[in-house]
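When reading the values below, keep in mind they use all heavy atoms of this one structure, side chains included, and skip hydrogens, waters and symmetry mates. Labels below follow one simple rule: chain letters A, B, ... track the order of the sequence lines, proteins then strands, and each chain is numbered from 1.
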Protein chains: 2
Amino acid sequence: MPKERNLRMTRQRQSILEELRKTDAHPSADEIFGRVRQQMPRISLGTVYRNLEILSAQGEIQTIEMAGSLKRFDAIATNHYHIRCVNCDRLVDAPLEVSNALENAVQAHTDFQILDHKVEFEGLCPECRRAKPGAYPDSV
Amino acid sequence: MPKERNLRMTRQRQSILEELRKTDAHPSADEIFGRVRQQMPRISLGTVYRNLEILSAQGEIQTIEMAGSLKRFDAIATNHYHIRCVNCDRLVDAPLEVSNALENAVQAHTDFQILDHKVEFEGLCPECRRAKPGAYPDSV
DNA sequence: TTACTTGCAAATCGTTTGCGATATA
DNA sequence: TATATCGCAAACGATTTGCAAGTAA
């Protein structure tokens, strides 16, 4: 058993959590920094990172690490899939249930002990699709 | 149409490509650097990065960007899923066919134009499983 | 001969960390 | 009061880039 820490609900931590719960836009640490800073101009980016990490370890929020992109944070802590716009990097939840069928199928054919899985869809969001019809990268 | 470049097959580029084709271990740029350096001690890491990017753009190789991990490179350029060991970061191909059923299912319920998807499994490789039975992170 | 490519070193950028000061429980 | 947390600034690590010299075609 790891030694327990006495966590404190500081004004900073509270504010970060509230900002995150206000949105479903999966903001980055820097975006959260920008929003919290409006209430609390002296907060530092390091504090934002530290708190996001603590909240994530507590299971209060979820850290989303997308391949080749910044870390994103989500007030919804349960696993779900995402769609990322390859043009503007917007991130939304994918309308698809998380299924353990994929894990089961892989587990049947590997010596790894499968613990988790993530699915990322890439595409063009409606806005970018409109802005540049037909023009999109053919490799990512 | 972008202006075409006349690519040259330099000794460095050749050697990087050969090293990558020798292995199925999905090495990082730094690991490839280490291997190529044995034949070519004066090659620089920047050259390795530049060539990997060029080869990837040409479709000769594939860049694998795993969430929260280094870039990896693969001589096999076609899409496939991966399993990553959460303990030692080893990366292997997942024994599961790539299916567009996932993309179709999402496409039916989103305004995004889905272009691609990736699936990452996380688990413990056989070696790490043996080394630390029962002991694994419960969050990643 | 042209201009793509190299080696080197410095720059970038997201993120982490050391520190002395502050504030929560 | 004890110590978790803060703000600040410096450190970090992977990757990228500017530049003058080298080399493939």
Side-chain angles (χ1 to χ4, degrees), chain A residues 2-20 26-58 60-73 84 89 91 140, chain B residues 2-20 26-58 60-73 84 89 91 140:
Chain A
K3 180 180 165 227
E4 280 201 29
R5 277 171 65 100
N6 281 322
L7 297 179
R8 293 173 183 174
M9 185 50 70
T10 59
R11 295 187 310 113
Q12 291 84 343
R13 188 164 302 158
Q14 185 68 47
S15 184
I16 288 165
L17 189 52
E18 277 170 14
E19 281 303 326
L20 201 50
H26 308 86
S28 66
D30 200 61
E31 285 165 348
I32 296 167
F33 176 53
R35 296 178 199 187
V36 173
R37 206 211 276 249
Q38 295 182 5
Q39 328 291 331
M40 208 174 284
R42 303 195 51 98
I43 193 172
S44 76
L45 184 54
T47 295
V48 173
Y49 272 106
R50 268 189 284 235
N51 278 297
L52 288 169
E53 189 190 329
I54 290 170
L55 289 168
S56 195
Q58 298 301 113
E60 289 285 329
I61 65 170
Q62 181 178 190
T63 302
I64 306 169
E65 306 199 58
M66 295 291 286
S69 184
L70 310 197
K71 279 189 185 174
R72 311 292 193 89
F73 301 89
R84 182 170 58 90
D89 218 38
L91 190 68
V140 185
Chain B
K3 179 179 166 227
E4 279 201 30
R5 278 171 65 99
N6 281 323
L7 297 179
R8 294 174 183 174
M9 185 49 71
T10 60
R11 296 185 310 114
Q12 291 85 343
R13 188 166 301 160
Q14 185 69 45
S15 184
I16 289 165
L17 190 52
E18 278 170 13
E19 281 302 328
L20 201 51
H26 309 86
S28 66
D30 199 61
E31 285 165 348
I32 296 167
F33 177 53
R35 296 178 199 185
V36 172
R37 205 212 277 250
Q38 294 181 4
Q39 327 291 330
M40 208 174 284
R42 304 195 49 98
I43 194 172
S44 75
L45 184 55
T47 296
V48 172
Y49 272 106
R50 268 188 284 234
N51 278 297
L52 288 169
E53 189 191 328
I54 289 170
L55 289 168
S56 195
Q58 298 302 114
E60 290 284 328
I61 66 171
Q62 181 178 17
T63 301
I64 306 169
E65 306 200 58
M66 295 291 286
S69 184
L70 310 198
K71 279 189 186 175
R72 310 293 192 88
F73 300 89
R84 183 170 57 90
D89 218 40
L91 191 67
V140 184

Q: Can you confirm whether B/Pro27 sits close enough to B/Arg35 that some side-chain heavy atom of one is under 4.5 Å from a side-chain heavy atom of the other?
A: yes
Q: Roughly, in whole Å, what's the span from CD1 in B/Ile54 to C1' in C/dC4?
A: 9 Å
Q: Can you tell me how far C1' of C/dC4 sits from CD of B/Gln58, to the nearest Å?
A: 13 Å
Q: Please determine if a side-chain N or O atom of A/Tyr49 lies less than 4.0 Å away from the OP1 or OP2 oxygen of C/dT16.
A: no
Q: Name all residues meeting the side chain to side chain donor-acceptor pair (under 3.5 Å) criterion together with A/Thr47; count only those two or more places apart in sequence or in a different chain, and write none if there are none.
A: A/Ser44
Q: Please tell me if the side chains of B/His26 and B/Met66 come closer than 4.5 Å, counting only heavy atoms from C-beta onward.
A: no
Q: Rounded to the nearest Å, what distance is computed from the CG atom of residue B/Leu45 to the C1' atom of nucleotide C/dT12?
A: 15 Å
Q: Roughly, in whole Å, what's the span from CD in B/Gln14 to C1' in C/dT6?
A: 16 Å
Q: Taking five pairs at each end, how big is the angle between the two axes of the helix from C/dT1-D/dA25 to C/dA25-D/dT1, to 10°?
A: 40°
Q: Name all pairs fulfilling the salt bridge (charged side-chain N to carboxylate O under 4.0 Å, His left out) condition that reach into residues 36-54 of chain A, sequence neighbours left out, sorted by first residue then second.
A: none
Q: Starting at atom CE of A/Met40, determine the distance to atom P of D/dT5, rounded to an integer number of angstrom.
A: 15 Å
Q: Pick the closest DNA chain D nucleotide for B/Gly46 and for A/Pro41 by heavy atoms, then say which residue is nearer the 5' end.
A: A/Pro41
Q: What one-letter contact string describes nucleotides 18-25 of chain C from 5' to 3', where B marks a base within less than 4.0 Å of any protein heavy atom, S marks contact via sugar-phosphate atoms alone, and - marks no contact?
A: B----BBS
Q: Can you tell me how far CD1 of A/Ile64 sits from CZ of A/Phe73, rounded to the nearest 0.5 angstrom?
A: 9.0 Å
Q: Once you round it to whole Å, what is the distance between P of D/dT15 and CG of B/Asn51?
A: 15 Å
Q: Could you tell me which non-hydrogen atom of A/Ile16 sits nearest to which non-hydrogen atom of A/Ile32, and how far apart they are?
A: CG2-CG2, 4.1 Å
Q: Would you please name every residue forming a salt bridge (Lys or Arg N to Asp or Glu O under 4.0 Å) with A/Arg13, sequence neighbours left out?
A: none
Q: Let me know the distance between CG of B/Asp89 and P of D/dA14, rounded to the nearest Å.
A: 11 Å
Q: Counting just side-chain N and O atoms, does A/Lys71 come under 4.0 Å of either OP1 or OP2 of C/dT16?
A: yes
Q: Counting the atoms with a prime plus P, OP1 and OP2 as sugar-phosphate, which does B/Asp30 contact under 4.0 Å by heavy atoms, base, sugar-phosphate, or nothing?
A: nothing
Q: Where each residue is assigned the nucleotide of DNA chain C containing its nearest heavy atom, which of B/Ser44 and A/Leu70 is assigned the position nearer the 5′ end?
A: B/Ser44
Q: Rounded to the nearest 0.5 Å, how far does CG of B/Leu20 lie from CD of B/Glu60?
A: 10.5 Å
Q: Among all residues two or more places apart in sequence or in another chain, which pass the side chain to side chain donor-acceptor pair (under 3.5 Å) test with A/Thr10?
A: none
Q: How long is the line joining CD1 of A/Ile32 and P of C/dG14, in whole Å?
A: 14 Å
